[in-house]
Amino acid sequence: MKLIFEMGAPGRGCDLLPDCQAPDVSGKATRRAARPRLPEVSETELSRHYTELAKQVHGVNDGFYPLGSCTMKYNPKIDEQAAALPGFSQIHPLQDAADAQGCLEVIHKTENALCAITGMDACTLQPAAGAHGEFTGLLLIKAYHVSRGDEKRRKIIVPDSAHGTNPASGAMAGFDVINIVSDENGCVDLAALRAAVGEDTAGLMLTNPNTVGLFDPNIAEITRIVHEAGGLCYYDGANLNAIMGIARPGDMGFDVMHLNLHKTFSTPHGGGGPGSGPVACKHFLADFLPGMRVVESGDGYEAMRAKQSIGDMHGFYGNFLVVVRALCYIMSLGREGIPEAATGAVLNANYMMHELKPYYHMAYDRTCMHEFVMTLEHEKHERNVSALDIAKALLDHGIHPPTMYFPLIVHEALMIEPTETESRETIDEAVRIFIEVLKQSEKTPEQMHAYPQQTPVRRLDEVTAARKPVVRYD
């Protein structure tokens, strides 16, 4: 299809803007030297262009989306309706607190709910995404050690199965990142952890369930080892969907964590946003939290800054309308529904793994949590069929590929997370397609390198796309 810059004609447009009510302050100093290069299209052309784009996009409303560790689950429409209410959507963050009591109550209730779910004592909604939350949490750890004059703690320990954002966040926060290996069961190697901790340990970053979809049975011992060395424990909340309402990171010994509202709490996800990565912490870190904190005051709510706040991590209160959606989701499910969603996610993952086990090689052949990892290493060695080939073939069957080549500790990895919002019928159909694709790779392995064949864009030269991306229209 054509780019929108290739459509239309000079002078064509569809702007019908109301008169501006603000005073005109423009002048030569603020005026562009030349008109911006914008597409000049009619409303018909504009509408058709974006409709065609929408047809070419695959999302959770289109079909099965098993993108492991990302929890791409259905977003209830009632949450969208709540976020669209004028009292929420037309508020301004600089309005007087007296005129924004409902919004402040949403923030306060959401923070309290997230603390209850995670076992933490305080929370900020400022961070805009998971990695942003990681960075914020590590700055809290840093501020804590500095406040005690313990500035020698410069090392953050990260397992080799961690999300790639963990070591990146540690480096951004100014720490030295120490990588430790996983054991043969895909969990933290306790001997390696004991050898890594010391007087220079600032903390540990860990996901539990971990990136291969397993709950670490030694989690209490892991956090104890770090605490005895004087470090703090950071919980990456990317996989909280498997345990919400059942197990709490705060009870496992973690001191600070982030949550992904755009994963666990079913708000929009993908396409660059919107996102939200609230950070929750234990009481001794609360004074370092960023931004303005909403507190109850008399008959209402007011905002105030923490005593030793690290500053602002985002404008105002974060992505507020995402928070509205998340609170609506939490209140809709309630105390009974939240753990039910978690158990549904675990059940679906184990059911799908069990159905695929006779055909695919499982990286860790044991009961999983919300996701499981398969390895195509055997297929790659025997007939040169890779995880990428299987993933590309799935596209022609209307299935979004699972995560590929991650975690790095599993060669030729495909990580699958069906989530709790998929029905048994949908999973059965997905299993059938996975098996069909694998059998096809056995019969005609050379043909697998040509997939997909029915998508708007065929298989790309991914090396060139990564190294020489075309990101603007010339």
If you look at every heavy atom in [X] and [Y], which pair is closest and at what distance?
X      : Y      : answer
Asn319 : Pro274 : ND2-CB, 4.4 Å
Tyr405 : Leu408 : O-CD2, 3.6 Å
Pro159 : Leu204 : CD-CD1, 4.5 Å
Val158 : Pro167 : CG1-CD, 4.1 Å
Val322 : Ser276 : CG1-CB, 3.7 Å
Thr367 : Met353 : CA-CE, 4.4 Å

Any donor-acceptor N/O pair, [X] side chain to [Y] backbone, under 3.5 Å:
X      : Y      : result
Ser309 : Leu289 : yes
Ser147 : Tyr144 : yes
Asn239 : Pro209 : yes
Gln454 : Pro452 : no
Gln101 : Gly300 : no
His269 : His262 : yes
Asp183 : Cys187 : yes
Asn350 : Cys368 : yes
Asp96  : Ala98  : yes
Thr223 : Met252 : yes

Please tell me if the side chains of [X] and [Y] come closer than 4.5 Å, counting only heavy atoms from C-beta onward.
X      : Y      : value
Arg366 : Leu214 : yes
Leu414 : Ile390 : yes
Pro407 : Val373 : yes
Phe265 : Leu259 : yes
Thr71  : Thr264 : no
Thr419 : Asn348 : no
Ser266 : Tyr74  : no
Met120 : Tyr235 : no

Is the number of heavy atoms from other residues, nucleotides or ligands under 6.0 Å of [X] [atom1] greater than 12?
X      : atom1 : result
Lys142 : NZ    : yes
Glu43  : CD    : no
Met1   : CE    : yes

Q.
Asp428: which residues meet the side-chain contact (heavy atoms from CB on, under 4.5 Å) condition with it, sequence neighbours left out?
A.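 Partners of Asp428 under the side-chain contact (heavy atoms from CB on, under 4.5 Å) test: Tyr351, Arg424.
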Q. Taking only residues two or more places apart in sequence, or in another chain, which ones meet Lys307 in a side-chain contact (heavy atoms from CB on, under 4.5 Å)?
A.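 Lys307 satisfies side-chain contact (heavy atoms from CB on, under 4.5 Å) with Asp287 once adjacent residues are dropped.
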According to salt bridge (Lys or Arg N to Asp or Glu O under 4.0 Å), who are the partners of [X], at least two apart in sequence or on a separate chain?
X      : answer
Arg148 : Asp150
Glu425 : none
Lys282 : none

Verify whether one side chain among [X] and [Y] offers a donor that lies under 3.5 Å from an acceptor in the other.
X      : Y      : value
His258 : Tyr234 : yes
Gln126 : Tyr317 : no
Ser182 : Asp160 : yes
Asp62  : His400 : no
Glu417 : Ser69  : no

Got a list of side-chain donor-acceptor pairs under 3.5 Å for residues 76-93, not counting sequence neighbours?
residue, atom, partner, partner atom, Å
Lys77, NZ, Asn75, O, 3.3
Glu80, OE1, Arg325, NE, 3.1
Glu80, OE1, Arg325, NH2, 3.0
Glu80, OE2, Arg325, NE, 3.1
Ser89, OG, Ala84, O, 3.4
Ser89, OG, Leu85, O, 3.2
His92, ND1, Leu94, N, 3.0

Q. Can you list the residues that meet the ring pair (Phe, Tyr, Trp, His ring centres under 6.0 Å) rule with His58, with sequence neighbours excluded?
A.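 By the ring pair (Phe, Tyr, Trp, His ring centres under 6.0 Å) rule, His58 matches Tyr65.
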Q.
Just verifying a value: how many Å separate Ser161 OG and Ile409 CD1, rounded to the nearest 0.5 Å?
A.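 Rounded to the nearest 0.5 Å, the OG-CD1 separation comes to 5.0 Å.
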Under 3.5 Å donor-acceptor pairs involving side-chain atoms of residues 336-345, not counting sequence neighbours:
residue, atom, partner, partner atom, Å
Thr343, OG1, Pro339, O, 3.2
Thr343, OG1, Glu340, O, 2.9

Q) If you look only at pairs with a residue in residues 166-180, which of them pass as a side-chain hydrogen bond (donor to acceptor under 3.5 Å, both in side chains), with sequence neighbours excluded? A)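 For residues 166-180: Glu134-Asn166, Glu134-Ser169, Asn166-Asp236.
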Q) Tell me the side-chain hydrogen bond (donor to acceptor under 3.5 Å, both in side chains) pairs involving residues 240-251, sequence neighbours left out? A)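 Every pair satisfying side-chain hydrogen bond (donor to acceptor under 3.5 Å, both in side chains) with a residue in residues 240-251: Lys73-Asn241, Asn241-Glu420, Arg248-Asp251.
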Q: Could I get the full list of side chain to side chain donor-acceptor pair (under 3.5 Å) partners for Thr267, not counting sequence neighbours?
A: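 Checked Thr267 against side chain to side chain donor-acceptor pair (under 3.5 Å); zero matches.
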Kindly list each side-chain donor-acceptor pair under 3.5 angstrom involving residues 47-56, sequence neighbours excluded, with atom names and distances?
residue, atom, partner, partner atom, Å
Thr51, OG1, Ser47, O, 2.8
Glu52, OE2, Gln56, NE2, 3.2

(Q) I'd like to know whether Thr375 forms a side-chain contact (heavy atoms from CB on, under 4.5 Å) with Met362, so could you lay out the CA-CA distance, the side-chain angles of the two residues, the decisive distance to 0.1 Å, and finally the verdict. (A) CA-CA 6 Å; Thr375 172; Met362 299 298 149; over 6 Å; no
